[in-house]
Amino acid sequence: MFGSAVSFTSEAKRNVQVLFSNIRVVVDGALLLDTDEPFLLNGRVYVPLRTVAEALDKEVAWQDNLVLIGSGKQGLLLPYLAPPSVHGVNWRVGESQVNGTVYEQGFHVVGMKGWKEADMTFNVGQKYIKEISGSIALDDGNKENVQPVKVKIMLDKEIIWQGTLKSGQKPIPITIKPAVKSRQIIVQMDNLAETRIDFIGFKAKY
């Protein structure tokens with residue numbers, strides 16, 4: 001029989017009818033007890049995410065309408081956890097190539113035409129980020145005569161790393177450990193022009 005209506009929220013609330021039909025969940029041969037009853041909606045089975053994830057030894061967290069599943073030790077790409085506001089650059093998640101080596105995890109930025117200086121701001125306040133780690137380098141796709149790019153990374157207003165990226169240089173490893181009260185991570189890039197910079201890995205552990 002149909003149970004009472006359940007509300008799901010996207011941009012607005014809507015009432016839907018769901019079917020409860022005594023569905024049970026078994027994980028690795030063990031029946032999950034003491035859990036909210038799964039139900040059917042539009043031909044799909046919906047189960048309690050946290051109960052199932054924890055039965056699979058996975059952590060579950062909720063952060064700004066983002067459901068995080070897995071171990072926080074694995075981390076999540078920083079732009080996924082804290083989408084940046086940018087000036088003078090376009091950014092995109094995807095693979096990169098440095099000195100012939102392809103990296104599948106990470107994101108990159110490309111300077112806009114006419115902009116020599118650019119910046120990215122990640123608002124990390126109340127995200128409970130423990131550590132951010134990755135490496136940065138100039139992408140192989142840049143022109144052969146690409147000019148060095150000066151990069152400065154700040155945690156709030158304090159400079160925590162600065163250096164110059166050059167063509168042919170190995171990726172430079174960077175680790176950031178925000179304090180509990182940290183609000184912003186700012187990446188400033190000088191002499192960028194239309195150069196592409198790869199942020200390899202750059203995952204946030206939460």
Side-chain angles (χ1 to χ4, degrees), residues 56-59 61 63 66-124 127-156 158-178 182 184-206:
L56 294 169
D57 292 326
K58 299 294 183 180
E59 298 176 5
Q63 189 71 259
L66 183 68
V67 178
L68 307 172
I69 304 172
S71 172
K73 295 179 181 179
Q74 297 174 354
L76 183 73
L77 283 178
L78 183 58
Y80 286 154
L81 196 60
S85 58
V86 300
H87 297 92
V89 293
N90 292 310
W91 70 276
R92 178 179 295 180
V93 171
E95 69 177 27
S96 57
Q97 181 172 313
V98 179
N99 296 333
T101 300
V102 176
Y103 300 90
E104 296 183 355
Q105 295 287 329
F107 64 97
H108 60 265
V109 302
V110 179
M112 295 181 181
K113 188 175 182 178
W115 290 68
K116 291 195 64 175
E117 298 180 356
D119 62 78
M120 306 178 70
T121 300
F122 300 89
N123 292 306
V124 298
K127 303 278 184 188
Y128 306 104
I129 296 175
K130 298 177 181 178
E131 181 179 297
I132 299 166
S133 60
S135 56
I136 61 175
L138 296 186
D139 191 84
D140 286 354
N142 289 310
K143 298 177 181 179
E144 292 184 3
N145 60 344
V146 62
Q147 297 297 307
V149 177
K150 295 180 180 179
V151 179
K152 182 186 300 181
I153 299 178
M154 296 183 290
L155 188 57
D156 292 331
E158 181 182 355
I159 298 175
I160 56 175
W161 185 89
Q162 58 182 334
T164 301
L165 304 181
K166 300 179 180 179
S167 178
Q169 192 177 49
K170 294 181 179 179
I172 301 174
I174 295 175
T175 299
I176 304 170
K177 294 184 177 181
S182 298
Q184 294 181 327
I185 294 174
I186 302 172
V187 181
Q188 294 182 340
M189 294 153 280
D190 187 22
N191 198 33
L192 186 62
E194 297 177 62
T195 305
R196 170 170 162 166
I197 300 178
D198 297 329
F199 291 76
I200 303 165
F202 255 81
K203 290 185 176 182
K205 296 179 181 179
Y206 47 86

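- Paired with V89 under the rule side-chain contact (heavy atoms from CB on, under 4.5 Å), one option of E194, H108, M189 passes, and it is M189.
- In this structure, I132 CD1 and L76 CG are separated by 11.0 Å, a value rounded to the nearest 0.5 Å.
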Item to check | Pair D156-Q184, side-chain hydrogen bond (donor to acceptor under 3.5 Å, both in side chains): steps then yes or no | outcome: CA-CA 5 Å; D156 292 331; Q184 294 181 327; over 6 Å; no
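- Not counting sequence neighbours, the partners of F199 by the ring-ring contact (aromatic ring centres under 6.0 Å, His included) test are F107, F202.
- Rounding to the nearest 0.5 Å places CD1 of I160 at 8.0 Å from CD1 of I174.
- A heavy-atom distance below 4.5 Å is not found between the side chains of T164 and N191.
- Of all non-hydrogen atoms in L192 and G88, the two that sit nearest each other are CD2-O, 4.5 Å.
- Considering CD1 of I136 and CD1 of I197, their distance stands at 7.0 Å, rounded to 0.5 Å.
- The two residues Q169 and I172 have their closest heavy-atom pair at OE1-CD1, 3.7 Å.
- Side-chain contact between Y103 and P171: present, with at least one pair of heavy atoms (C-beta onward) separated by less than 4.5 Å.
- Among pairs with a residue in residues 136-147, those fulfilling salt bridge (charged side-chain N to carboxylate O under 4.0 Å, His left out) read D139-R196, at least two apart in sequence or across chains.
- In this structure, T195 and Q147 have side chains that are not in contact, with every pair of non-hydrogen atoms separated by 4.5 Å or more.
- Taking CD1 from I200 and OG1 from T101, the interatomic distance works out to 8.5 Å, rounded to the nearest 0.5 Å.
- Atom CE of M120 sits about 12.0 Å away from atom CD1 of I186, to the nearest 0.5 Å.
- In this structure, CD on E117 lies 4.5 Å from CG on D190, to the nearest 0.5 angstrom.
- The nearest pair of heavy atoms linking V124 to A82 is CG1-CB, 4.4 Å.
- W161 pairs with exactly one of L155, V151, T175, V187 by the side-chain contact (heavy atoms from CB on, under 4.5 Å) rule, that one being V151.
- Contacts of D119 classified as side-chain contact (heavy atoms from CB on, under 4.5 Å), with partners at least two apart in sequence or in another chain: H87, T121, Q188.
- Here the side chains of V93 and Y80 are in contact, with some heavy-atom distance below 4.5 Å.
- Nearest heavy atoms, L138 versus K166: CD1-C, 3.6 Å.
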